Student: 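Quick one: the structure is below, and I'll ask about it shortly.
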Amino acid sequence: MSNVYDPREIEPRWQAHWLEHRTFAVPNPGRPGFDPSRPKYYVLDMFPYPSGAGLHVGHPIGYIGSDIVARRKRMEGCNVLHPMGWDAFGLPAEQYAIQTGKHPKETTAANVANFRRQLRLIGLSYDWDREVNTSDPAYYRWTQWIFTRLYDQGLVYQADVPVWWCEELKTVLANEEVINGRSERGNYPCVRRPLKQWMFRITAYADRLADDLDLLDWPESVKAMQREWIGRSRGADIVFPLAGVPGESLTVFTTRPDTLFGATFMVVAPEHPLLRRIATSDRRAEVNAYVAAASSKSDLERTDLAKEKTGVFTGGHALNPLLDPADPRARIPVFVADYVLISYGTGAIMAVPGHDERDFEFAKKYGLPVVEVVRPPAGTPGLADGVCFTGDGTAVNSGPIDGLPTPEAKAKTIRLLEERRAGSPKTQYRLRDWLFSRQRYWGEPFPLLHLEDGTVVRVPDDRLPVELPEMKDFTPSADGSPPLARARQWLSTTDPATGRPARRDTDTMPGWAGSCWYWLRFMDPWSDEAPFAPDAERYWGPVDLYIGGVTHAVLHLLYARFWHKVLHDLGVVSTPEPFQRLFNQGLLVAPAYMDGTDRLVPADEVDEVAGKSFRRSTGQEVRQIVATMSKSLRNVVNPDDVIAENGADAFRLYEMFMAPLADQRSWSSRGISGCRRFLDRVFRLLVEPDGSDPVRPELGQGAPARPLEGPTLELERALNRMLKRVDESFVEFNFNTAIAAMMTFVNDASERPGSLTRSQAERFVQALSPFAPHIAEELWQRLGHAESIARAEWPKADPAYLEDETFELVVQVLGKVRGKVTAPRGAGEGDLKSLARGAVEKWLEGKQVVKAIVVPGRLVNFVVR
RNA sequence: GCCGGAGUGGCGGAAUCGGUAGACGCAGGGGACUUAAAAUCCCCUUCCCGCAGGGGAGUCCGGGUUCGAGUCCCGGCUCCGGCACCA
């Protein structure tokens, strides 16, 4: 046994120990070894998609943070569920397989093995008995089972939906693969083409998905993004009869029914179904030309803000439903313009240029009348000042609602409309139903059968899973039909209920499916009778802490909440929400370098001298940029290399020491040395490098207890202050301050050789162990403990030792620090004042002290004249 | 434009309730030990003036509240992230 700190020897040994002894395995309720008296804690990482590139040093930041929490909770006596698995289905895996010419099953298995190896290298305390893989039939059997539950609830339907089609690649592409109307790979033009797709009725849950955010301890920014995505607006539908088109009317959605009398024109989207009826014959040619031009524009061009609004008059008129049709003010001209979107509301609006910016802009351009119907509060500029006023005010020029404040004007307008059956209250959402099918191979097959009469039945539970067929060629078909359509044998089957011939569905689920319930499978991954045992779910749910990147702020977290809520309604899960607390770890950036011709220079070929960067081989100065790690920027740092050089513990510490867990941080290849030096000092503090004893003699088992006095008492105080700061760091996961506090303690202890006691050494190692578990296990064992430190006690700060009996009294004159003096802790105000006066005599000479402010334990401030 | 967040030394960052700004670490400078190097240990390191004791300024900018402001209030600037013609 070497007495010099050597992580290359220590770390693999302890990693093997943990695996062999299943140190972090936690039993489920009712299983041997389960202790119901302990509280539960479920800390979950967003499980990774196992890419071919492996992990870079940015990926483990969240994993290390969650691991520190898990390890500490274990020491506090909790049953801790801390699992890991693989989000292995989906497009990237399929693309990678196509690229490498290997089957996705093979590449996924190899990538998973590499990820597992890398995660174990970091010393993360996962319960590997619970590992799951979404592409494993034993897992996706239950993904399909949950799908059938949603299907039975009527939450699944088929619809013709435009999808991206790339003529050049002869394939359908997912939204994520299309950027600005061109394919991500190859940059070929793509077009929208209607195709029959499976849809989830997520809009049925829109209200609860928005409202229940209030129950959650999530970052406000993520809640805001979800609310915005759901985009709930309360208002009214208003029905405008069409003049000259008997029996037809135009329905619009508005959030401002109170501005109805200010509607001086109407606008319909170019795709509006009634447009042909509305347009008069003399205008038809112009309208058709406009519609044709709009349809040839890409989505990007349509939504480009910089562009000016365009539109043409249809010749048709609509009638204000609250005015007499004979009243000339009731007739409202109808325009067609592409600033109105067919996909939102009713695809038509009443335009109120006085109180809507977009309508105002359009009206000014085409010389349409602008009428004020909302008077702004005094002092707020409005139409009288030539600007459009969109806020709340008082209704004017509006007949029956004149004089009412905006909220009441809205309510009364809706009442009047309802009386005339010309409108009703309406809540509108920006959220769309969820397009759930992909014409791809590497995903869960739909557990659905198409019968010859055109009906669709679901596969019964006892026939699940519907396994993905083995296919040698899994590339998309040239005509856009899914690869599974070519699996002839697999395709034709019979309906188990009737024995009639049936055809399997050939679409697969998107990559999101497996991640919509994996936290539930982790609770009981062994069950083959249900997705999980109900008692396991009742015990472990909900996830107490979910750590992951903010990139999943909307889609994954919204989809996961949706499935969870449906399962909750069905009584399958006991909680209304899956993730009680969400925490987003910060991004990692790293310097990248370019030479004079903007060519990228690999980061490891660059030296930094006096703030400038030079290419080592040529001595040429290079320019530094800072960006997220990527292969293309040649600035990727692999944790394998960092760990090989400095050890996993130093790596873990450095990742946490760079910044609070939530903040963006910048990787510096040199910075880690401070953390490595700290661990060297820790080891030397407890172990005599030239000796042969496992620890220094005064720290060994049976070493005589020593009184808390002199430097030992000082260390006791230093230790307790450290423990307090470490504890506080767990509130917002600013572990950088915890590590700084431990460094300070080790500095204090190193300055007082021989003063550290065994008890102090033990408590220090316990506090260190969640952060640097390998060295902690090693030192714990050397201190004579047979059991792993993983379940040792978590050390608590003793308030009796947080303060010295004296403190440094700061003395200010007029708020400026003019002196300092040592004062006894319990001194009264009078004593402090006279002590303070003595320290700043020369500043008080010839001055009159008007007032003295005393903050006990801190400072005295003299106010003088 | 709207929503969310942030601006502190050469760098990453710290600072409880409004109470010593710059903890801890990196980088840099000086020294000890060494034949030498590495490692280790000690000292210095916000800026300006001064040989020094010491003094002045200073937390994005401008105001304000207060005995006292990095922290609170008002106005502005910059940066990062999200949404973006959603009626």
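Given the structure is predicted, the values throughout are model-derived calculations rather than measurements. Note on naming: letters A, B, ... go to the chains in the order of the sequence lines (proteins, then strands), and numbering restarts at 1 for each one.
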Student: Residues in ring pair (Phe, Tyr, Trp, His ring centres under 6.0 Å) with A:Tyr5, at least two apart?
Tutor: A:Phe683
Student: Please identify each residue that fulfils ring pair (Phe, Tyr, Trp, His ring centres under 6.0 Å) with A:Phe360, with sequence neighbours left out.
Tutor: none
Student: Under 4.0 Å from OP1 or OP2 of B:G25: is there any side-chain N or O of A:Asn747 that close?
Tutor: yes
Student: More 5' along RNA chain B: A:Phe862 or A:Ala741, using each one's nearest nucleotide?
Tutor: A:Ala741
Student: Figure out the CE/P separation between A:Met225 and B:G4, and round it to whole Å.
Tutor: 12 Å
Student: Please report the distance separating the C1' of B:C47 from the corresponding atom of B:C41, rounded so that it comes out in whole Å.
Tutor: 30 Å
Student: With syn defined as a glycosidic angle within 90° of 0 and anti as the rest, where does B:G53 land?
Tutor: anti
Student: Checking base pairs now: Watson-Crick or wobble, both atom distances under 3.5 Å. What partners B:C83?
Tutor: B:G1
Student: What is the separation between atom CG on A:Asn646 and atom P on B:C26, rounded to the nearest whole Å?
Tutor: 12 Å
Student: Distance-only check: which donor-acceptor pairs under 3.5 Å involve side-chain atoms of residues 227-238 of chain A, not counting sequence neighbours?
Tutor:
residue	atom	partner	partner atom	Å
A:Arg227	NH2	A:Asp214	OD1	3.0
A:Arg232	NH1	A:Asp207	OD1	2.3
A:Arg232	NH1	A:Asp211	OD1	3.3
A:Arg232	NH2	A:Asp211	OD1	2.8
A:Asp237	OD2	A:Lys426	NZ	3.4

Student: Report all interatomic pairs (protein N or O, nucleotide N or O of nucleotides 27-30 of chain B) with separations under 3.5 Å.
Tutor:
residue	atom	partner	partner atom	Å
B:A27	OP2	A:Arg677	NH2	3.4
B:A27	O3'	A:Arg670	NH1	3.3

Student: Heavy atoms only, 4.0 Å cut-off, all strands: where does A:Lys820 land among base, sugar-phosphate and nothing?
Tutor: base
Student: Under a 3.5 Å cut-off for both contacts, is B:U71 paired Watson-Crick or G-U wobble with anything, and if yes, with which nucleotide?
Tutor: none
Student: Would you mind reporting whether A:Gln812 and A:Trp843 have side-chain heavy atoms less than 4.5 Å apart?
Tutor: no
Student: Measuring from the side chain of A:Ala224 (C-beta onward, heavy atoms only), which nucleotide among B:A87, B:C3, B:G56 has the closest atom?
Tutor: B:C3
Student: Assess A:Lys309 against A:Tyr339: is NZ or CZ under 6.0 Å from the centre of the six-membered ring, and within 45 degrees of the ring's axis?
Tutor: yes
Student: Reading nucleotides 8-19 of chain B from the 5' end, what letters show protein touch, with B for base, S for backbone sugar-phosphate only, - for no heavy atom under 4.0 Å?
Tutor: ----BSS-B--B
Student: What is the base-pairing partner of B:U78, counting Watson-Crick and G-U wobble geometry with both distances under 3.5 Å?
Tutor: B:A6
Student: List the residues meeting salt bridge (Lys or Arg N to Asp or Glu O under 4.0 Å) with A:Asp649, not counting sequence neighbours, and say none if there are none.
Tutor: none
Student: P atom, B:G4 versus B:G54: distance in rounded Å?
Tutor: 49 Å
Student: With a 4.0 Å cutoff (strictly under), does any side-chain N or O of A:Arg227 reach OP1 or OP2 of B:C83?
Tutor: no
Student: Applying side chain to side chain donor-acceptor pair (under 3.5 Å), can you list everything that pairs with A:Arg652, at least two apart in sequence or on another chain?
Tutor: A:Asp67
Student: Between atom CD1 of A:Ile739 and atom OG of A:Ser729, what is the distance when rounded to the nearest 0.5 Å?
Tutor: 8.5 Å
Student: Looking across every strand, which nucleic acid part, if any, lies under 4.0 Å from A:Thr744 by heavy atom: base, sugar-phosphate, or nothing?
Tutor: sugar-phosphate
Student: With sequence neighbours left out, what residues match A:Glu645 under salt bridge (Lys or Arg N to Asp or Glu O under 4.0 Å)?
Tutor: none
Student: Syn versus anti for B:C42, judged by chi lying within 90° of 0?
Tutor: anti
Student: Whole-Å distance between B:G25 C1' and A:Trp667 CH2?
Tutor: 14 Å
Student: Regarding A:Asp433 and A:Thr203, is there a side-chain donor-to-acceptor distance under 3.5 Å anywhere?
Tutor: yes
Student: Quick one: label A:Trp843 by what it contacts on the DNA or RNA (base, sugar-phosphate, nothing), any heavy atom closer than 4.0 Å.
Tutor: sugar-phosphate
Student: Using whole Å, what does the distance between atom P of nucleotide B:G4 and atom CG of A:Leu587 come to?
Tutor: 22 Å
Student: Whole-Å distance between B:G82 P and A:His552 NE2?
Tutor: 14 Å
Student: Please state how far atom CZ in A:Phe678 lies from atom P in B:C41, giving the value in whole angstrom units.
Tutor: 13 Å
Student: Would you indicate what A:Arg818 reaches in the nucleic acid, counting non-hydrogen atoms under 4.0 angstrom: base, sugar-phosphate, or nothing?
Tutor: sugar-phosphate
Student: For B:C51, what is the paired nucleotide under Watson-Crick or G-U wobble rules, both distances under 3.5 Å?
Tutor: none
Student: Hey, does A:Ser750 reach any base, or is it just sugar-phosphate, or nothing, if we go heavy atoms under 4.0 Å?
Tutor: nothing
Student: Only counting residues at least two apart or in another chain, list the ones meeting ring pair (Phe, Tyr, Trp, His ring centres under 6.0 Å) with A:His552.
Tutor: A:His556
